[in-house]
Amino acid sequence: MDKLTIRDINVTAKRVLVRVDFNVPLDEKTGEITDDSRIRATLPTIKYLIDREARVILCSHLGRPGGKVVDNLRLTVVAQRLSQILGKQVGVTKDCVGSETRKSVESLKSGDVLFLENLRFHSAEERDNPIFARALARLADIYVNDAFGTSHRSHASIVKVVEYLPSVAGLLLEKELETLGSILENPAHPFGGLVGGAKVSDKVGMLENIMGKVDSLLIGGGMAATFLKAKSYETGLSLIEADRLDTAAGLMEKAARNGVRLLLPVDVVVASEIEAEAKDKVTSIESISHHQRIVDVGPQTIKNFSEELRRCRTVFWNGPMGITEITQFAKGTRVLAKLLANLEATTIIGGGSTAEIVTNMRLADKMSFVSTGGGASLRFLGGQTLPGVEALLNKDSLAVGKLKLSVSG
């Protein structure tokens, strides 16, 4: 990684603004956090700063409040969970900017941690507003980006604050880039990609970029229907991206040219409705009727995919194999998740819903790496730059010199 990190600078007694991605899932009824993985993933950075007596100012978004205050999207519950994990009190400001917030920051002592209220309570955050970014920057001496999951967004706290402060990467961001970069640069072979989810369009860039690197590509989930349709199979009521049929056909042709084994479902689970009470059955891909929709991969497909994955020394997985929100349609996803957890291979999970699945199944610790960013990981693996990463200082002599002048003491 060619970006400076918190290891490269002096943070002692400095006010350090850390952009984290604590957009954690909440229980709709209780408001409780259902998965704190993203909080725990950033602990190395937070503890590093605390141990070096920095004054830590955390900022994040939560949900989509649309630029207004939404009480059930306040960061109090997140700060409480972080306090429990750290074993020290983490307060939350009433707003992320303003005079009261500045007073709260000024009262911080070395080693203290403070959370700014939800950034997206201000529409200026998502509009990359320079005035808003400047107000955030005035709170700190140094900016740290440890929010890989939102580094593909051109938001004020991601790309604009860096114009006003010396800006470096956190330890999680560094780990994400190095781990995902390793499967692009030097994966152990055979290298397999297991790709699912609803849409081909979300993953085209990634699929095209890894095509010359993988040995096999296994396509499941809702997006498999578009590939099957491109091969002229009947897919019934399944969601099809009609404008991506040529894309799917092109990807299959590219796989053939590159000697990549591309596996599609040979059988599927179908149902007339997407609901728990729906009657489902297994059918071959040649026998899908007009009134059925694909809801999961079938047992022979699971067997075929399993055999292919067992050959691999590296596997990247992004996207479920079926509609996992409904238990009876989650078998393919769950079986393959368990298989990956027990492979003697490097297993990298590509964030988003896939990360949530392995976490809920308590398999995250058995994977080599679980990314905290769905869209960000797809963009990175698609060979595209991440605005939030590009904006950070490079590891060159000019940057280091500038940083020492700015923040060392």
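These values consider heavy atoms only, across backbone and side chains, with no hydrogens, waters or symmetry-generated copies. Position 1 is the first residue of the sequence; numbering continues from there.
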Exceeds 12 heavy-atom contacts within 6.0 angstrom, atom NZ of Lys3: yes

Side chain to side chain contact (heavy atoms under 4.5 Å, CB included) with Leu82: of Leu58, Val92, Thr42, only one passes, and it is Leu58

CZ of Phe22 to CD1 of Ile33, rounded to nearest 0.5 Å, is 9.5 Å

Is any side-chain heavy atom of Val268 closer than 4.5 Å to one of Ile288?
yes

Greater than 12 external heavy atoms within 6.0 Å of Lys331's NZ: no

Is any side-chain heavy atom of Trp317 less than 4.5 Å from a side-chain heavy atom of Thr333? yes

In Arg74, Lys94, His122, the residue satisfying side chain to side chain donor-acceptor pair (under 3.5 Å) with Glu117 is Arg74

Query raised in the report: Could you walk me through whether Leu172 and Val20 pass the side chain to side chain contact (heavy atoms under 4.5 Å, CB included) check?
Result: CA-CA 10 Å; Leu172 172 61; Val20 292; over 6 Å; no

- Is Asn318 close to Leu381 at the side-chain level, that is, under 4.5 Å between some pair of heavy atoms? no

I'd like to check Arg38 versus Asn23 (side-chain heavy atoms, cut-off strictly below 4.5 Å). Are they in contact? yes

What one should report as the nearest heavy-atom pair of Thr314 and Ala345 is N-CB, 4.2 Å

Output for pair (Gln89 CD, Gln84 CD), nearest 0.5 Å, gives 10.0 Å

The reported gap from CZ in Arg52 to OG in Ser110 (rounded to nearest 0.5 angstrom) is 13.5 Å

Taken in chain and number order and not counting sequence neighbours, the residues that satisfy salt bridge (Lys or Arg N to Asp or Glu O under 4.0 Å) with Arg261 are Glu308

Given side chain to side chain contact (heavy atoms under 4.5 Å, CB included), test Val16 with Ile6 step by step and report yes or no. CA-CA 10 Å; Val16 183; Ile6 53 174; 5.7 Å; no

> Crowded around Lys88 NZ? As in, over 12 foreign heavy atoms under 6.0 Å?
Replying inline: yes

salt_bridge(Glu125, Arg19) N-O dist < 4.0 Å: yes

Legend entry - CD (Glu275) with more than 12 external heavy atoms under 6.0 Å: yes

Before you tell me yes or no, could you show the steps for Tyr143 and Leu136 under side chain to side chain contact (heavy atoms under 4.5 Å, CB included), namely the whole-Å CA-CA distance, both residues' side-chain angles and the distance that decides it to 0.1 Å? CA-CA 10 Å; Tyr143 170 81; Leu136 288 172; over 6 Å; no

If you count heavy atoms of other groups shown closer than 6.0 angstrom to CG of Asp246, is the number above 12? no

For the pair Asp141 and Arg15, find out whether any cationic side-chain nitrogen is under 4.0 Å from an anionic carboxylate oxygen. yes

- Message: With a 4.5 Å cut-off on side-chain heavy atoms, are Asp36 and Val24 touching?
- Response: no

All heavy atoms of Lys213 vs all of Asn209, minimum pair found to be NZ-O, 3.1 Å

Please check if the number of heavy atoms outside Glu28 that lie under 6.0 Å from its CD is greater than 12. no

Margin query: Let's go through Glu241 and Ser201 carefully: what are the C-alpha distance in whole Å and the side-chain angles of both, what is the deciding distance for side chain to side chain donor-acceptor pair (under 3.5 Å) to 0.1 Å, and is it a yes or a no?
Written below: CA-CA 8 Å; Glu241 290 181 277; Ser201 55; 2.6 Å; yes

Sorted by chain and number, sequence neighbours left out, ring-ring contact (aromatic ring centres under 6.0 Å, His included) with Phe305 holds for none

May I ask you to check whether Ser371 and Glu176 show a side-chain donor-acceptor distance below 3.5 Å?
yes

To the nearest 0.5 Å, atom CG of Leu340 lies from atom SG of Cys312 at 9.0 Å

Side-chain heavy-atom pair Lys281, Gln292 within 4.5 angstrom cut-off:
yes

Here the gap from Met252 atom CE to Leu264 atom CG, rounded to the nearest 0.5 Å, amounts to 6.5 Å

Between the OG1 atom in Thr45 and the CG atom in Leu173, the distance rounded to the nearest 0.5 Å is 8.5 Å

Discussion item. I'd like to check Asp296 versus Ile323 (side-chain heavy atoms, cut-off strictly below 4.5 Å). Are they in contact?
Written reply: no

Please determine whether side chain to side chain contact (heavy atoms under 4.5 Å, CB included) holds for the pair Cys59 and Cys96, giving the CA-CA distance in whole Å, both sets of side-chain angles, and the decisive distance to 0.1 Å.
CA-CA 8 Å; Cys59 62; Cys96 58; over 6 Å; no

- Ile285 versus Ile294: any side-chain heavy-atom pair under 4.5 Å? no

- Could you tell me whether the side chains of Ser151 and Asn145 share a donor-acceptor contact shorter than 3.5 Å? yes

**Prompt:** Below 4.0 angstrom, N of the basic side chain to O of the carboxylate: do Glu163 and Lys160 qualify?
**Reply:** yes

Nearest heavy-atom contact between Phe329 and Ile274 is CE1-CA, 4.5 Å

Heavy-atom count check: over 12 atoms from other residues, nucleotides or ligands less than 6.0 Å from Asp365 CG?
no

